[in-house]
Structure formats: structure tokens, C-alpha cells
Colleague: 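What follows is a structure written as C-alpha cells; I'll ask about it next.
Just so we're on the same page: letters track the sequence lines, and every chain starts at 1.
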Protein chains: 2
Amino acid sequence: MSNGFVIEDSEDIPKYSLEKVLGKVIHGNSLSVMKKLPKESVDLVFLDPPYFLQLPKKDLRRWNSKTIVNGVDDEWDKFKSFEEYDSFIKETLLLARDIMKPAATLWVISTYHSIFRIGKMMQDLGFWILNDVHWIKTNPMPNWLGVRFTNSTETLIWAAKDKSSRKYTFNKEWAKKLGIGKVAANVWEFPICTGKERLKDDDRRCKLHSTQKPAELLKRIILTTSNEGDIILDPMAGTGTAGYVARSLNRRFIMIEINPKYIDGMKKRFDRG
Amino acid sequence: MSNGFVIEDSEDIPKYSLEKVLGKVIHGNSLSVMKKLPKESVDLVFLDPPYFLQLPKKDLRRWNSKTIVNGVDDEWDKFKSFEEYDSFIKETLLLARDIMKPAATLWVISTYHSIFRIGKMMQDLGFWILNDVHWIKTNPMPNWLGVRFTNSTETLIWAAKDKSSRKYTFNKEWAKKLGIGKVAANVWEFPICTGKERLKDDDRRCKLHSTQKPAELLKRIILTTSNEGDIILDPMAGTGTAGYVARSLNRRFIMIEINPKYIDGMKKRFDRG
DNA sequence: AAGAGTTCTGAATCGCTGT
DNA sequence: GACAGCGATTCAGAACTCT
């Protein structure tokens, strides 16, 4: 399975043909690779960018167990300013839009740290927001000091390429099934990714990726807004949940990821089946 | 009660003293009136702006014909209308911030149509977002065409004046009580405003205000983020839910509203007790 | 093997004082 | 300003330990 699963990007490769990248993860910079993908070729984009959490540099020590909270301290979430973050997001959105078929739609996920910036930029770029969808976590990290509400949600924006987009895919029966009562509500409730689903690093002690998305999230996205055989692009694939779930639901996929550690984890995950 | 409840704003009034406006609604333009209120005088602001739900069809036609006549790009017109909305919101936010005490906080409510724009502008202006809070409507409008998820949420942003703000009010016991399980979650679930609570217009047939906020929403805002005796400003008061609930919870208030029809409804509501 | 009790952790813009 | 050090106090769910 993992034979030829990874494509090494390089400057020598000027363009990617669709056949070459389907069902693969391209190891390379998201922006560089997207420039080489064929225009108007994918049906759905799932964008899981850095959230720009702006966490303080000090550790968060637990009071009762002497352990430390492994927060997000990854290189990929470091930006110098809102400006730098904004231009990175804008470029990503523009490149993604080029690759989308006319009726394709795009999902973005983030928290209040950056979702508002992303949403406004999408509107300003001409994307047409179809919904905001709220993922309510049943097991969020509590707010110890009690100085804020416990942040127990993440926000998804689902958007079409522009206002005139029609005939995009929306499977209302699935939306109703996953919503609240009989309503296809823009609210989803399920736990964060833990337990066996959570990929561990080599010594099996620590989480491989600080923000692995649960399969349940991608399952809902894919079932409600794509059809069998559709092509799903995940330009910042991380541990590859989107491709993994896409495969299990008979969708095709293209993933891009720059970190070899995550690609290793992805490979093992795909091999396990 | 309604004796002296309404203050008529006019150009002859250069400034408002706090004593004069406490427990009153000022009939006038929100921006003009805010400029005359004393600086650093209120503890909490509740901002319920127009949501900018859609580009009106009339205007669209006008813009389209303009496009044909003047050869103006569609995108430009669209951007311009967003710009108008944005500058209105920005001016409102800046004026509100002047009126806020150093430890005061501000709430804004909207839907995906404009909440992303508002949130990004707040960050760019230096407001420090403390939480996004999601109101999940247990009885959303069934505007179900089967082409989108049913929009059954509204988003609130709770923010301090800037990053260094400390000692703002957060009553965690109330937050826990109103949250999910034992968690003071940033998710609130209750129905939209209907039945007896919903104000009707004079012939008692039609709702007075298209987006009257339920008392439950203001109750939660006020209980979690203000103390008894605090001063609450509602610059776009509509039917006056904020002031009405503030009074019942022993908070003081200042309201501003431009539409005399709403002020009439407000008066009756306050007189009823 | 099964059950009971304990430990650990999760996209976190979390407190304060003193140097 | 930054940074180090101290200290007060969250919950759901899975993993782990012990009987």
C-alpha cells in the first residue's frame, strides 16, 4: 500500500497530473505544491491551517500531578504578526480556489484565535459562505483558573468559490442524520481525538501530532458535502485523517504535508488499513 | 416609570452626564450619542448591530445596471458595500471602547454573515478576544431548502479593551451553572424569543422587531460578566432587552435607539414591569 | 479475567509577585 | 517591558494499576 504512497516534491517537477497524485501524499510545501496541481480538478477542499494560538512561552504545570500540559508549541504555528498570518492564509485560499472545480466547496477549521480573520478574508476574496458549523467537544480541556468560559468548540466555515456557485454537493439526508433531532443543524457534537485513534510517536509515549483531527469530523464533512468518487484535497494533511476517511468512504484524495514525521505516521496508519 | 425614561437627543446637547442618562433610553443616532457620553464610564457593553444578512436585491440590480453602464467590476461594488458595513462597525467599536472603563468588557452578537468581519476588525483594533460563545437555538427557523445546514446558531464575541486588560468580571459559578455538565462551556442552549415575551406591534398581529433578543440571552451575559450595580451600555437597543434584564438583575443601564417605534415598545415593556 | 480505584491528558491566547 | 518562580484548583474519558 505505502509503495509509491509518498511523492517527494522537488523543483524539478513543474506540474502534477491528476493521475499521478490521486491517492497519494505529496511531501512538500503546501503553497509550492498547490501551484503545480491542475486547475479546476478537485470537488472538495479540507483546510486545517495553523490556528495562530499565540500561547505564552511558559509551561503550564498541573497542580496535582506535577506533569506539564503539552500545549501547541510547534514551529508550524509560529507567526510574527497578524499580517504574516493573514498573507499566508490568503495565498493558501487563492491557490485552493484555482484547484477547485466550479461547483466545488471548501471547508476551513479553526478557533476564535483566527477563525474570524479567515472568514473575513474569505468574504473579501469573494468566497461565498454557505454555513458556519460548530463542533462541540464533549471532553474539552477545562479552564482551571476560571477566568474565561471553557473553550469547548471549534468553528468550521463551509464555502463555495463565489456567490454564483450552484449545484454544489449537499447530502441533506446525511446532514439531518448527523444534526440535532430531525434538524440538519449546523452543530455537531462529539469528542476530541483520544485513545487508540490518537497516533503516538515512535516511543509510543507522546502524541505524534498536537492537533490530530478525529475521524468523526472528517466523516461528517465528507458524507454531507461530497459524493462517492469525488476528489478531496487536503493541503495541510498532518496525520492524514482526511485522506484516511476519504478512502474508507470511497472517495479519492490528494494530500500535501511538509513534515516527514507526520508522513511516517500517515503511512503506518494507511498500512494498518 | 416612563416619565423621563426617554431622552430626545439633539444637536443642542453637547455632552451627557452619567446621572442624566442612567436608566434611560436616548432617542438618537447611536454614533452621535456615543460621542457625547463620558469616557471610561461603563462596565459592560452589549452590541447587537445589523447583521448585514444579504446584499439587497434592489441594490444588486442597481449595481448590475451600473456595471453595464459604467463597466465597473462586480467585485468592486461588492467590496464597497462590505467596506461601508465595516466602517460603520469600526466606528461603533472605537466609540464604545472610549466609553468603557479599563476593566470593562464588550459583547457583540451576529451570525456568519458578518461575525467574521466583526471579529477580525476587533482584533485589528486591539480588542482582546476572551471567548467566542455560541448560542444554540433549540427551535431554529425552519428555512429549510435542503441546500445548506439549518442555521441554528448565533455567535457572540466577548472581549476586553486590550491584551493587558485584567480584573475584568467573570462569575465562574454562574458560567458553570449555565454551561454543559460541570463545564463552564462557551456554549449556551435555549430557544429563540417567542410567545408572550415577543413584543407585538400596535395591532397585536405582527412582531414588533424582527430580531428581538430573548431575555435569557441577556440574563446569561449579565450574570456571567457583570456585578450588581454595574453600568451596562446598549448602543443599539432595539426593543430594550438588555436594559430590561439589567434592571431586573439590579444593574444600571444606558440605552440608545433611533427608531421611535421600538422606543414605544420599550416604554410599554418597562411600564409593565 | 473482571472490576474498582488511580493517573494522565487534551488546539489554552488562564493567575500573581518580584527582579 | 521580559522572565522566573510560586501557587491556586478543572472535567471527561481513556489508560493504567491493583486486587
Side-chain angles (χ1 to χ4, degrees), chain A residues 47-79 81-82 85 108-118 134-156 189-201 204-214 216-217 236 238-239 241, chain B residues 103 105 119-120 122-123 126-132 157-160 162-170 172-173 175-177 179-187:
Chain A
L47 182 60
D48 182 14
Y51 289 8
F52 193 28
L53 291 183
Q54 306 167 72
L55 295 175
K57 285 179 182 171
K58 60 183 177 182
D59 288 333
L60 198 59
R61 292 171 197 283
R62 295 175 192 277
W63 310 322
N64 50 6
S65 67
K66 295 174 186 170
T67 56
I68 289 173
V69 174
N70 283 314
V72 175
D73 190 31
D74 302 274
E75 278 308 312
W76 47 254
D77 197 37
K78 302 221 189 305
F79 295 89
S81 63
F82 277 142
Y85 182 77
V108 193
I109 183 166
S110 188
T111 55
Y112 72 90
H113 305 83
S114 61
I115 193 65
F116 301 120
R117 316 190 69 73
I118 296 172
H134 301 279
W135 169 26
I136 301 180
K137 305 172 184 181
T138 56
N139 52 348
M141 177 136 170
N143 187 336
W144 307 344
L145 296 185
V147 294
R148 302 181 177 199
F149 297 93
T150 297
N151 191 27
S152 55
T153 62
E154 298 199 17
T155 299
L156 298 120
E189 193 170 344
F190 53 88
I192 60 174
C193 187
T194 59
K196 287 181 185 171
E197 187 189 341
R198 191 82 193 227
L199 302 186
K200 302 294 191 298
D201 70 359
R204 321 248 331 128
R205 286 160 40 84
C206 186
K207 57 192 176 188
L208 174 66
H209 191 289
S210 54
T211 67
Q212 183 182 341
K213 293 291 176 292
E216 180 66 23
L217 179 69
M236 299 170 191
T239 53
T241 305
Chain B
T105 57
K120 177 175 190 292
M122 287 176 69
Q123 289 183 314
F127 281 92
W128 189 243
I129 297 181
L130 297 165
N131 282 112
D132 55 344
I157 296 175
W158 180 48
D162 55 63
K163 184 175 181 174
S164 67
S165 299
R166 295 284 182 276
K167 311 204 175 191
Y168 54 82
T169 299
F170 180 66
K172 63 179 174 183
E173 292 312 320
K176 285 165 87 165
K177 221 169 282 183
I180 300 174
K182 293 185 177 180
V183 177
N186 62 331
V187 176

Colleague: Does any nucleotide pair with D/dT17 by Watson-Crick or G-U wobble geometry, both distances under 3.5 Å, and what is it?
Modeller: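 Check on D/dT17: paired to C/dA4, both distances under 3.5 Å.
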Colleague: Roughly how many Å apart are C/dT13 and D/dA12, using the C1' atom of each and rounding to a whole number?
Modeller: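 Looking at atom C1' only, D/dA12 and C/dT13 are 23 Å apart.
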Colleague: Remember a base hit wins even if backbone is also touched, and classify B/D132 as base, sugar-phosphate or nothing at under 4.0 Å, heavy atoms.
Modeller: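 Nothing, no nucleic acid heavy atom in range.
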Colleague: Tabulate atom names and distances for all N/O pairs under 3.5 angstrom spanning the protein and nucleotides 10-13 of chain D.
Modeller:
residue: D/dT10; atom: OP1; partner: B/K172; partner atom: NZ; Å: 2.6
residue: D/dT10; atom: O2; partner: A/W144; partner atom: NE1; Å: 3.0
residue: D/dT10; atom: O4; partner: A/N64; partner atom: ND2; Å: 2.9

Colleague: Which heavy atom of A/D48 sits nearest to which heavy atom of A/M236, and what is that distance?
Modeller: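 Heavy-atom minimum between the residues: O-CB, 3.9 Å.
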Colleague: Between P on D/dG1 and CG on B/D162, what's the gap in Å once rounded to a whole number?
Modeller: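 Rounding to the nearest Å, CG of B/D162 and P of D/dG1 are 10 Å apart.
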Colleague: How is A/T111 classified with respect to the nucleic acid when contacts are heavy atoms under 4.0 Å: base, sugar-phosphate, or nothing?
Modeller: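 Here A/T111 touches no strand at all.
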Colleague: Name the pairing partner of D/dA12, where a pair is Watson-Crick or G-U wobble with both distances under 3.5 Å, or state none.
Modeller: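 WC or wobble partner is C/dT9.
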Colleague: Pick base, sugar-phosphate or nothing for B/K163, based on heavy-atom distances below 4.0 Å to the nucleic acid.
Modeller: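 No contact.
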Colleague: Decide yes or no for A/F116 and A/T155: does some side-chain heavy atom of the first lie under 4.5 Å from some side-chain heavy atom of the second?
Modeller: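 With C-beta onward as the side chain, the pair stays apart.
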Colleague: When you list every nucleotide of DNA chain C with an atom under 4.0 Å from a heavy atom of chain A, which one comes first 5' to 3', and which comes last?
Modeller: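 Boundary nucleotides touching chain A, in 5' to 3' order, are C/dC8 to C/dC16.
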Colleague: Please state the P separation for the pair D/dG7 and C/dT9 - nearest whole angstrom.
Modeller: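 To the nearest whole Å, 23 Å.
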Colleague: Is it the case that the side chain of A/R62 and the backbone of A/T67 share a donor-acceptor pair, with hydrogens and angles ignored and the cut-off at 3.5 Å?
Modeller: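 Side chain of A/R62 to backbone of A/T67: no pair is present.
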Colleague: Sticking with atom P, work out how far C/dC14 lies from D/dA2, rounded to a whole angstrom.
Modeller: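 The same atom, P, in both gives a distance of 13 Å.
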Colleague: When syn is taken as a glycosidic angle within 90 degrees of 0, is D/dT9 syn or anti?
Modeller: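 What D/dT9 shows is an anti base, its glycosidic angle lying more than 90° from 0.
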Colleague: Classify the nucleic acid contact of A/E197 as base, sugar-phosphate or nothing, counting any heavy atom under 4.0 Å across all strands shown.
Modeller: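 Result for A/E197 = nothing.
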Colleague: By the 4.0 Å heavy-atom rule, please label A/W135 as base, sugar-phosphate, or nothing.
Modeller: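 Since no nucleic acid heavy atom lies under 4.0 Å of A/W135, the category is nothing.
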Colleague: Applying side-chain contact (heavy atoms from CB on, under 4.5 Å), run through A/T111 and A/L53 and close with a yes or a no.
Modeller: CA-CA 9 Å; A/T111 55; A/L53 291 183; 4.1 Å; yes
Colleague: Give the minimum heavy-atom separation between B/I157 and B/G119, together with the two atoms involved.
Modeller: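 Nearest heavy atoms, B/I157 then B/G119: CD1-CA, 3.6 Å.
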Colleague: A/W76 vs A/H209 aromatic rings, parallel, tilted or perpendicular, using cut-offs 30° and 60°?
Modeller: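 Geometry flag for A/H209 against A/W76: parallel rings.
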Colleague: Are A/R117 and A/Y85 in a cation-pi contact, defined as NZ or CZ under 6.0 Å from the six-membered ring centre and within 45° of the axis?
Modeller: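 Geometry flag: not set, cation outside 6.0 Å or 45°.
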Colleague: Need one value for A/I192: base, sugar-phosphate or nothing, where a base atom within 4.0 Å counts as base even if backbone is also close, heavy atoms only.
Modeller: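 Touches sugar-phosphate only.
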Colleague: Watson-Crick or G-U wobble partner for D/dG7, using a 3.5 Å limit on both distances?
Modeller: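 In the structure as shown, D/dG7 has no Watson-Crick or wobble partner.
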Colleague: At under 4.0 Å between heavy atoms, what does B/L130 touch on the DNA or RNA strands: base, sugar-phosphate, or nothing?
Modeller: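 It contacts nothing in the nucleic acid.
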Colleague: Run the side-chain contact (heavy atoms from CB on, under 4.5 Å) test on B/F170 and B/L130 for me, step by step, so that the C-alpha distance in whole Å, both residues' side-chain angles and the decisive distance to 0.1 Å come before the verdict.
Modeller: CA-CA 11 Å; B/F170 180 66; B/L130 297 165; over 6 Å; no
Colleague: Looking only at atom P, what distance separates D/dC6 and C/dA11, rounded to whole Å?
Modeller: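 It comes out at 29 Å once rounded to the nearest Å.
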Colleague: Using the six-membered ring wherever Trp is involved, compare the ring planes of A/F52 and A/F79 and label them parallel, tilted or perpendicular (cut-offs 30° and 60°).
Modeller: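 Aromatic pair A/F52/A/F79 classed perpendicular.
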Colleague: If you define the side chain from C-beta out and look only at heavy atoms, does anything of A/Y112 sit under 4.5 Å from B/N186?
Modeller: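 A/Y112 does not reach B/N186 side chain to side chain.
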Colleague: What is the nucleic acid contact for A/P214, judged by heavy atoms within less than 4.0 Å: base, sugar-phosphate only, or nothing?
Modeller: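 It contacts nothing in the nucleic acid.
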